[in-house]
Amino acid sequence: MSQMEQGQPEFPPSSEQLEDQGFVHIEEKDDTQEDDLSPTLIASPEDVSDVSQTTMKQSAVVAAVAPRAVERAGTLEHLAARRPFPALDPEAPDMKQRLSELRTEITSILTDFRWSGLSIEAAAEQLMPILNLGPIPQWRPVLIPFLLEIDRAGNFIPVWIHIIDLDDPKDIPTNADPAETMQGRAKRYGILMLGHYKYADLGTTRGEQRSDLASFLGQLATNPTTSLYATQSLVKQGTTAAIQALVEALKDAEGWAKVDIVEACIALNLTRFYDLLLASGLDRVTGLESYVAVPLYRTLTLEKYLGQDSRNTPRLGQQAALVLAQVLQDGMTPPAANAETRPVVFERPLFPIAQALFAGARKAPNWQYTIALHRLALLLGRYWNDISRSMIQDQRILEQIYPCFAMMPEVERWIDGPGRDTLLKSLNDAGEDALIPTIKVLGELGDPRATALLLDRLASTKTLTNREQALYIGTICDTLGRLGDQRAVPAMLHLLQRTVAIARRSTLAKRRDNLPTGDPAIPESIVYAAVTRACGQLGDSSALDTILLAANDFDPYVRMQALDALKRIDQAREDVRSRMAIREALNDPRDSIVRTACQLVVQYRDTEAIPTLRHLIEGRPELAPAAYDALRQLGQ
């Protein structure tokens, strides 16, 4: 079970990693990497197979559009839909044979339904297993035109609506993609089919009168498990009613549904809606900002908004800065020398955008512009480092980078002066949406003036009320760890005493899996792990007792953070309790924790752990490579 199911974020192990950490991150994992992220961030839409890049969090408190189980299902489905699948060749002999058989079966059902009195329910029951062919992204290009050819008149519309209205099966595993079940596939094919019909008498279903297909699809567009298909159907319709349904859905959608609606509105190429998309696109998409920012960056002329032209409202300029900041963050890592693709930020001329951003920041300083400028400076610094070592020779990138350097000395002076002052002011006065990104950037800038403000916020926290608050407190702790002020250690330890039931948690049996979605202990785990991680960064031995307790916590997420903290806080191996804690971790039920413990045994040169390592090889063969490697490095 991933950290996303647990609802906990994973943070960088060292202060050198400047990438923002977020909350909605899911990544492909193998047997050697179990602690994949929770939900804050997801990587660029251009590389869904590696979604480990995280994005800047826009809001600390976000209302949920649906239960977290639905959010997770939507995430699994959207990531799966973006994976590449081998294309099916409808002209291949075996495919022709299969389609011919399908045509006979579906035509027979259609004939019985249209002329022989076959009921809607019976037609749906016969149709669903026939459509259970394979992954939707792979079969959709072939199957949807095929179905439309058979039923161009729309006789199956009541059947599709019945299938769509069916409740999802209750026995779907929590980590399964709902689109890859028999009923799930039929439901999504039905939604896609409705996009080919503009008018239909929907009648009354479950006591609800459906007025038209567009409004029905608009309702589906606000649900993250159906929005991917409903928005595409509305684009396919392209009618005034369909456009209106999309715009109305934009007001209510959150998360993946919001992502799909923004992409659909852009696909319609209606420029009159661009201001609306920019103004609200990044709202209520915490952890998915990259999926909204990238299409907006590719489509909108950001320069006109960033320059804060009098014709534009200030909010449009601020949102444009956040879009740019997200795209800059996504492109922060220079591509490999032989990479064929470029980061999205270089798909458009960067220099005019950078100029407009700096001009807008000087004209009306705010936290959004300051963060975007900081991201720009970081990106240029990293790329220049690789360029100076001849690691980047792609002319498409070099031509973008060189013009920006002339303005960077002035940008850096502005960031060190008015920029930092703006962030500090935002920390005091701005709303909740500014807090987390502002805190993170102040930590990256290493501004010591932020320490007192952050400590005050910790001191004012008496209890933990929800997960979002815990994420916010966790960000403060990580920033304090990065700032390096030892005054933070007692403040964070006192925070734990007030908000986390450490003694009770230590008496619980150690879990192998992360906490289930919605577990009331998740907020405590987030804060406990963040304090442990920050104390490790600060290297204060006065926190060792707390870290040793964390190493025995029932939550594997907290235990992993404790082991990472021990690497720093007791590097000299002066406290025998640290070695004992590492030996005990060799028997942890979580495989990834055992692997980390094997590395720490080597770091501590703890030869007394050799019998445990040998027993580990015999009792848990899947961990034998890590144990063998530790024994080898210990001279065994």
Side-chain angles (χ1 to χ4, degrees), residues 81 90 99 102-103 105-128 130-133 136-137 139-166 179 183-206 208-223 225-250 257 260-261 263-265 267-270:
L99 291 177
L102 281 175
R103 183 184 299 276
E105 294 178 276
I106 295 173
T107 302
S108 175
I109 297 173
L110 178 62
T111 302
D112 290 344
F113 177 68
R114 182 71 178 86
W115 303 108
S116 301
L118 185 67
S119 69
I120 293 176
E121 294 78 6
E125 289 180 4
Q126 295 180 32
L127 197 57
M128 284 192 290
I130 294 175
L131 299 178
N132 192 26
L133 300 170
I136 293 176
W139 274 89
R140 175 192 167 183
V142 173
L143 187 59
I144 296 301
F146 176 78
L147 293 173
L148 184 63
E149 182 181 344
I150 295 174
D151 185 28
R152 192 167 296 276
N155 291 304
F156 268 152
I157 288 178
V159 179
W160 295 130
I161 292 176
H162 174 76
I163 293 174
I164 293 168
D165 280 333
L166 290 175
Q183 182 178 314
R185 284 173 175 160
K187 179 176 185 175
R188 285 149 181 83
Y189 287 135
I191 295 172
L192 291 170
M193 285 299 297
L194 294 184
H196 293 272
Y197 309 106
K198 297 182 179 180
Y199 309 103
D201 181 11
L202 306 186
T204 302
T205 304
R206 296 184 180 181
E208 177 185 358
Q209 180 67 35
R210 270 74 177 273
S211 58
D212 56 62
L213 284 175
S215 62
F216 177 53
L217 290 170
Q219 295 171 13
L220 296 175
T222 61
N223 187 316
T225 63
T226 56
S227 58
L228 180 63
Y229 312 93
T231 53
Q232 294 176 30
S233 286
L234 288 169
V235 171
K236 182 68 177 179
Q237 286 186 349
T239 62
T240 301
I243 295 171
Q244 182 179 352
L246 276 174
V247 174
E248 290 179 353
L250 182 67
D260 296 329
I261 293 170
E263 291 179 343
C265 290
L268 286 170
N269 197 27
L270 298 173

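- When all heavy atoms of Cys265 and Leu246 are compared, the closest pair comes out as SG-CB, 4.3 Å.
- Looking at Gln237, its side chain never comes within 3.5 Å of a backbone N or O of Ser233 through a donor-acceptor pair.
- With values rounded to the nearest 0.5 angstrom, Ile109 atom CD1 is found 5.0 Å from Leu127 atom CG.
- With sequence neighbours excluded, the residues that form a side chain to side chain contact (heavy atoms under 4.5 Å, CB included) with Gln183 are Met128, Leu166, Asp168, Pro169.
- Among residues two or more places apart in sequence or in another chain, the side chain to side chain donor-acceptor pair (under 3.5 Å) test is passed with Gln244 by Glu248.
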Side chains of residues 117-126: which donor-acceptor partners sit under 3.5 Å, not counting sequence neighbours?
from   : atom 1 : to     : atom 2 : distance (Å)
Ser119 : OG     : Ala122 : N      : 3.1

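- Rounding to the nearest 0.5 angstrom, the gap separating the CG atom in Leu217 from the CD atom in Gln232 is 11.5 Å.
- The two residues Ile261 and Ala221 come nearest to each other via the heavy atoms CD1-O, 3.7 Å.
- Partners of Arg188 according to the side chain to side chain donor-acceptor pair (under 3.5 Å) rule, which considers only residues two or more places apart in sequence or in another chain, are Glu77.
- Residues Leu192 and Arg140 have side chains in contact (heavy-atom distance under 4.5 Å, counting atoms from C-beta outward).
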Run the side-chain contact (heavy atoms from CB on, under 4.5 Å) check on Leu268 and Leu234 step by step: do they pass? CA-CA 10 Å; Leu268 286 170; Leu234 288 169; over 6 Å; no
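- Annotation: the span from Leu102 atom CG to Leu131 atom CG amounts to 8.0 Å, rounded to 0.5 Å.
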Using a 3.5 Å cut-off and no angle test, enumerate the donor-acceptor pairs between side-chain atoms of residues 147-159 and protein atoms at least two apart in sequence or in another chain.
from   : atom 1 : to     : atom 2 : distance (Å)
Asp151 : OD1    : Gly154 : N      : 3.3
Asp151 : OD1    : Asn155 : N      : 2.8
Asp151 : OD2    : Asn155 : N      : 3.2
Asp151 : OD2    : Phe156 : N      : 2.7
Asn155 : OD1    : Arg114 : NE     : 3.3

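- Remark: Thr226 pairs with Lys187, Ile191, Leu220, Asn223 by the side chain to side chain contact (heavy atoms under 4.5 Å, CB included) rule, at least two apart or across chains.
- By the side chain to side chain donor-acceptor pair (under 3.5 Å) test, Asp112 pairs with no residue at all, sequence neighbours left out.
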Working for side-chain contact (heavy atoms from CB on, under 4.5 Å), residues Phe216 and Ile161: CA-CA 9 Å; Phe216 177 53; Ile161 292 176; 4.0 Å; yes
Stepwise side-chain contact (heavy atoms from CB on, under 4.5 Å) test for Tyr229 and Ile136: CA-CA 11 Å; Tyr229 312 93; Ile136 293 176; 4.1 Å; yes
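- Residues that satisfy the side chain to side chain contact (heavy atoms under 4.5 Å, CB included) test with Pro145, not counting sequence neighbours, are absent from this structure.
- A distance of 13.5 Å separates CH2 of Trp160 from CG of Leu213, quoted to the nearest 0.5 Å.
- When all heavy atoms of Pro137 and Ala81 are compared, the closest pair comes out as CG-CA, 3.7 Å.
- Side chain to side chain, Ser227 and Asp260 meet the donor-acceptor criterion of an N or O pair below 3.5 Å.
- In this structure, Leu143 CG and Ile106 CD1 are separated by 6.5 Å, a value rounded to the nearest 0.5 Å.
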